[in-house]
Amino acid sequence: MSAPVTTERSFAEQHAFNCQVWERIVDNPRWEDTLETIETDRDGNLIMSPPPAPPHRLRQDRINQLLKRLLPEGGSFVEGAVSTAEGTKVADVVWYRPELARAFESGEAILPEFAPDLCVEVRSKRDSLREMQKKAAVYFRAGVREVWRCDRDGTMSFYGPEGLLEQSKICPDFPRNIPAAFLR
């Protein structure tokens with residue numbers, strides 16, 4: 001059996017293809033109650049990951065809450081789909097600046113053509129550092145301005161296209177550690 005031939009597409013062509021595939025997934029009742037994270041590769045094949053453990057979900061939620069508090073003018077949410085040259089990827093948390101966040105108010109931006117300003121990945125046991133770096137590179141090529149990584153111990157790392165940042169340029173006051181439990 002021979003491998004499928006992947007043709008090079010422009011970003012606009014890949015985005016249109018990603019939208020067609022993503023709409024079929026979103027509209028299919030089969031996937032409505034799935035706990036797994038669903039992404040696609042550049043050819044539209046599904047990539048499914050097991051649901052994250054509770055500490056992962058708690059950090060996801062805490063990061064989202066902090067973004068809403070520290071950057072209230074924009075829009076953030078968990079498990080945001082991002083159209084990339086490598087298919088549709090799902091970041092643990094995404095944040096959009098205000099003018100882009102408004103596109104979601106109509107409910108029509110299922111998979112927007114524009115990238116979020118910020119993608120956050122919470123590292124699970126199954127995530128290798130190399131995989132996380134590859135995903136960050138894919139996000140940057142899609143137009144994401146910063147990618148943050150929350151390691152398993154809650155340590156935050158902030159990256160721009162140029163590499164590791166001392167602190168986030170988008171949200172300089174964001175804490176350097178996110179505990180698994182809520183500390184209010």
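Remember, it's a predicted structure, so these values are computed and weren't measured experimentally.
- No side-chain donor-acceptor contact under 3.5 Å links Asp43 to the backbone of Asn45.
- A heavy-atom distance below 4.5 Å is found between the side chains of Leu129 and Arg123.
- Judged purely by distance below 3.5 Å, without hydrogens or angles, the side chains of Asn64 and Gln60 never pair a donor atom with an acceptor atom.
- Here the closest non-hydrogen pair linking Pro50 and Arg126 is O-NH2, 2.8 Å.
- Val82 is not listed as a side-chain neighbour of Val90, based on a closest heavy-atom distance of 4.5 Å or more.
- A salt bridge links Arg149 with Asp151; the closest basic N to acidic carboxylate O contact falls under 4.0 Å.
- To the nearest 0.5 Å, atom CD1 of residue Ile47 and atom CG of residue Asp41 are 5.0 Å apart.
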(message) Walk me through whether Leu67 and Leu118 qualify under side chain to side chain contact (heavy atoms under 4.5 Å, CB included).
(response) CA-CA 10 Å; Leu67 282 170; Leu118 167 63; 3.9 Å; yes

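- Checked by atom type and distance alone, the side chain of Glu131 pairs as donor or acceptor with a backbone atom of Ser128 at under 3.5 Å.
- Two residues are said to be in side-chain contact when any heavy atoms from C-beta on lie closer than 4.5 Å; Tyr96 and Pro112 meet this criterion.
- Salt bridge present: Glu162 and Lys169 bring a charged side-chain N and a carboxylate O closer than 4.0 Å.
- Counting heavy atoms from C-beta outward, Cys150 and Ile63 have side chains that approach closer than 4.5 Å.
- Ser168 and Glu146 form a side-chain donor-acceptor contact under 3.5 Å, judged by distance and modelled atom types alone.
- Side-chain atoms of Lys68 never come within 3.5 Å of backbone atoms of Gly75 as a donor-acceptor pair (strictly under, hydrogens ignored).
- When the side chains of ILVMFWY residues are joined at heavy-atom separations under 4.5 Å, either directly or via intervening members, Met132 and Val147 end up in two distinct hydrophobic clusters.
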(request) Step by step, work out the side chain to side chain contact (heavy atoms under 4.5 Å, CB included) result for Val94 and Phe77. (result) CA-CA 6 Å; Val94 294; Phe77 52 92; 3.7 Å; yes

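- Contact check on Glu39 versus Lys135 returns a salt bridge, with a Lys/Arg side-chain nitrogen under 4.0 Å from an Asp/Glu carboxylate oxygen.
- Taking the centre of each ring, Phe174 and Trp148 come in below the 6.0 Å mark.
- Trp95 and Ser76 make their closest contact through CD1-CB, 3.8 Å (heavy atoms, listed as atom of the first residue, atom of the second, distance).
- Following chains of ILVMFWY side-chain contacts shorter than 4.5 Å, one cannot reach Phe11 starting from Val138, and the two form parts of different hydrophobic clusters.
- Trp22 contributes atom CH2, which lies 12.5 Å from atom NE2 of His15 (distance to the nearest 0.5 angstrom).
- Between the CD atom of Glu32 and the CG atom of Asp27 there is a distance of 10.0 Å, given to the nearest 0.5 Å.
- Counting heavy atoms from C-beta outward, Ile110 and Cys19 have side chains that stay 4.5 Å or more apart.
- A distance of 6.5 Å separates CG in Asp153 from CG in Asn177, rounded to the nearest 0.5 Å.
- Contact annotation: the side chain of Ile25 approaches that of Leu46 to within less than 4.5 Å [non-hydrogen atoms, C-beta and beyond].
- Note on Val122: it does not cluster hydrophobically with Leu35, by side-chain heavy-atom contacts below 4.5 Å among ILVMFWY residues.
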(request) Check the pair Thr155, Arg152 against side chain to side chain contact (heavy atoms under 4.5 Å, CB included), reporting the backbone distance first and the verdict last. (result) CA-CA 7 Å; Thr155 302; Arg152 291 189 295 267; over 6 Å; no

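- Interatomic distance, Gln133 CD to Asp127 CG, rounded to the nearest 0.5 Å: 12.0 Å.
- Taking a cutoff of 4.0 Å between a charged side-chain nitrogen and a carboxylate oxygen, Lys89 and Glu121 do not qualify as a salt bridge.
- Here the side chains of Phe140 and Arg145 are not in contact, with every heavy-atom distance at 4.5 Å or above.
- Here the closest heavy-atom approach between residue Gln14 and residue Arg42 is recorded as NE2-O, 3.1 Å.
- In this structure, Leu111 is a member of the same hydrophobic cluster as Met48, with clusters built from ILVMFWY side-chain heavy atoms closer than 4.5 Å.
- In terms of heavy atoms, Glu13 sits closest to Ser10 at OE1-N, 2.8 Å.
- The pair Glu99-Arg97 meets the salt-bridge criterion, with a side-chain N (NZ, NE, NH1 or NH2) lying under 4.0 Å from an Asp/Glu carboxylate O.
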(message) Let's go through Thr34 and Glu36 carefully: what are the C-alpha distance in whole Å and the side-chain angles of both, what is the deciding distance for side chain to side chain donor-acceptor pair (under 3.5 Å) to 0.1 Å, and is it a yes or a no?
(response) CA-CA 6 Å; Thr34 188; Glu36 294 87 0; 2.2 Å; yes

(message) Apply side chain to side chain contact (heavy atoms under 4.5 Å, CB included) to residues Asp92 and His56 and explain how you reach the verdict.
(response) CA-CA 9 Å; Asp92 286 311; His56 180 110; 3.1 Å; yes

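- Other residues, nucleotides and ligands place no more than 12 heavy atoms under 6.0 Å from the CZ atom of Arg130.
- The minimum heavy-atom distance between Gly143 and Ala115, with the atom names listed, is C-CB, 3.8 Å.
- At a threshold of 4.5 Å between non-hydrogen side-chain atoms, the residues Ile178 and Leu66 count as touching.
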